[in-house]
Enquirer: 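Next up is a structure, given as structure tokens.
Every chain is numbered from 1 and lettered A, B, ... according to where its sequence line falls, protein lines coming before strand lines.
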Amino acid sequence: MAFSDQAKNSFYYHYSPTYKFSVGVEAVEIRQNGDEHSYLRLTYLLDRKNTQKSQRNLYLQSGVDPVDLDHYFYGVLGDWETRRLFSGFGYKRIVDNKIDFEENFVQFGIAPYLGDYGDLHTWIMVKSKKNTLFRSWSTYPVLRLFKGNGFAEFGYSDQSQWDIHLMYRF
Amino acid sequence: MKKITAVMLLFATTSVVTANENADHAMHQADVFVDGSTVDIDPEQIKQFTSDLQGGQVAVVSVMGMVCDFCARGIEKTFKRDKSVAKVDVDLSKGKVLIAFDTEEPIDRAEIDRKILANGQNVTAVLMLNI
């Protein structure tokens with residue numbers, strides 16, 4: 001998984017022994033000060049509710065730099081989705097010796113068409129994000145595409161610049 | 001930064017993704033019910049799915065929480081690791097997984113449940129069809 005926005009660039013490789021949790025390594029560059037960190041990450045599924053037409057998830061996310069234990073993060077992620085609608089939120093607090101900051105976001109989306117299994121799936125979304133390093137909320141359109149094991153999400157605003165999320169499932 | 005950028009570019013590059021008689025038999029020989037009383041099957045779908053099969057069994061599995069293609073990929077991968085599984089198809093619109101088993105041996109319903117649950121979804125019903 002690769003991620004880039006105005007606050008950081010990161011590359012995350014993880015393995016999920018069960019659907020309940022995943023462990024991995026994330027390399028992060030904090031754009032504000034140029035610092036680079038490698039995190040050992042744990043994501044844990046706190047709650048999942050499946051229905052015939054929807055799924056709701058609540059995750060706990062955490063990570064620590066094994067070289068610098070004073071550098072770590074924690075937070076929660078949640079989403080609810082049907083084949084047509086998506087909503088999600090996230091909170092993350094990053095603790096650093098130099099800069100502590102928080103990232104918050106909410107995201108809503110709609111699928112303009114319902115593709116079959118194996119088709120290209122498209123979501124048109126709106127995301128609002130606040131990074132305490134940059135103070136104000138930024139709201140911008142996001143295009144999410146996935147096909148097969150590939151996933152890509154692109155958002156852009158004048159304020160936040162590019163918000164890119166790429167993922168491949170092996 | 002250069003390392004991260006290089007890895008991201010590499011990642012981005014790799015993530016650009018990249019009617020026959022048997023079917024009729026399948027419908028007539030739905031004689032092995034595990035818990036399939038509530039399974040709503042589409043005869044045309046079964047016909048198409050079994051068109052290239054020479055025998056064995058098909059499990060029609062109703063799944064809750066299968067709302068996303070990307071999330072359902074794990075189900076297909078899990079079942080394809082089983083050597084007795086000939087093919088797998090997912091119907092997102094009906095919440096169904098079709099699994100063709102290349103064996104006449106009884107299929108363990110609990111094993112199907114376990115594999116679906118391992119991917120984070122729940123099985124509500126299974127209907128077994130002999131091809």
Enquirer: What's the spacing between A:Phe146 CZ and B:Arg73 CZ if we round to 0.5 Å?
Expert: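 It comes to 9.5 Å.
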Enquirer: So, for B:Phe70 and A:Arg169, which heavy atoms are closest and what is the spacing to 0.1 Å?
Expert: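 Shortest heavy-atom contact: O-NH2, 3.1 Å.
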Enquirer: Name the region of A:Arg48, side chain, backbone, both or neither, that has any atom closer than 4.5 Å to a heavy atom of chain B.
Expert: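 The answer is the side chain of A:Arg48.
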Enquirer: Take atom OH of A:Tyr13 as the centre, draw a 6.0 Å sphere, and report whether it contains more than 12 heavy atoms from other residues, nucleotides or ligands.
Expert: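 Check fails, neighbour count at 12 or below.
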Enquirer: For A:Asn57, which atoms come within 4.5 Å of any heavy atom of chain B: side chain, backbone, both, or neither?
Expert: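 Neither; nothing under 4.5 Å.
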Enquirer: Examine whether an atom of A:Lys20 lies under 4.5 Å from a heavy atom of chain B, and if so say whether it belongs to the side chain, the backbone or both; otherwise answer neither.
Expert: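 Looking at A:Lys20, nothing touches chain B.
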Enquirer: Side-chain heavy atoms nearer than 4.5 Å, only ILVMFWY residues, links allowed to pass through others: does that put A:Leu145 and A:Tyr168 together?
Expert: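 No; A:Tyr168 is not reachable from A:Leu145 via cluster members.
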Enquirer: With rounding to the nearest 0.5 Å, note down the distance linking OH in A:Tyr117 to CG in B:Asp89.
Expert: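 Rounded to the nearest 0.5 Å, the OH-CG separation comes to 8.0 Å.
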Enquirer: Drop me the distance from B:Met66's CE to A:Gln52's CD, to the nearest 0.5 angstrom.
Expert: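 Taking CE in B:Met66 and CD in A:Gln52, the distance rounds to 8.5 Å.
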Enquirer: Heavy-atom distance under 4.5 Å to chain A: side chain of B:Ala118, backbone, both or neither?
Expert: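 Only the backbone of B:Ala118 comes within 4.5 Å of chain A.
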Enquirer: Rounded to the nearest 0.5 Å, how far apart are SG of B:Cys71 and CD of A:Gln55?
Expert: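 With rounding to 0.5 Å, SG (B:Cys71) is 6.0 Å from CD (A:Gln55).
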Enquirer: Mark yes or no for whether A:Lys53, through its side chain, and B:Gly95, through its backbone, hold a donor-acceptor pair below 3.5 Å.
Expert: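 A pair under 3.5 Å: no.
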Enquirer: For residues A:Val76 and A:Tyr72: do they belong to one hydrophobic cluster (side chain heavy atoms under 4.5 Å, members Ile, Leu, Val, Met, Phe, Trp, Tyr)?
Expert: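 Hydrophobic grouping puts A:Val76 apart from A:Tyr72.
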Enquirer: Treating Ile, Leu, Val, Met, Phe, Trp and Tyr as nodes and any side-chain heavy-atom pair under 4.5 angstrom as an edge, say whether A:Leu42 and A:Tyr59 lie in one connected cluster.
Expert: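 Cluster IDs for A:Leu42 and A:Tyr59 differ.
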Enquirer: Going from CG on B:Asp69 to CG on A:Asp116, what distance comes out if it is rounded to the nearest 0.5 angstrom?
Expert: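 Interatomic distance, B:Asp69 CG to A:Asp116 CG, rounded to 0.5 Å: 9.5 Å.
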Enquirer: Are A:Phe73 and A:Phe134 in one and the same hydrophobic cluster, where Ile, Leu, Val, Met, Phe, Trp and Tyr link if side-chain heavy atoms are under 4.5 Å apart?
Expert: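 Yes: a chain of side-chain contacts under 4.5 Å links A:Phe73 to A:Phe134.
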Enquirer: Hydrophobic clusters here meaning ILVMFWY residues chained together by side-chain heavy-atom distances under 4.5 Å, can you tell me if A:Val25 and A:Ile30 are in one?
Expert: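 Shared cluster, no.
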Enquirer: To the nearest 0.5 Å, tell me how far A:Thr51 OG1 sits from B:Asn122 CG.
Expert: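 If I round to the nearest 0.5 Å, the distance is 10.0 Å.
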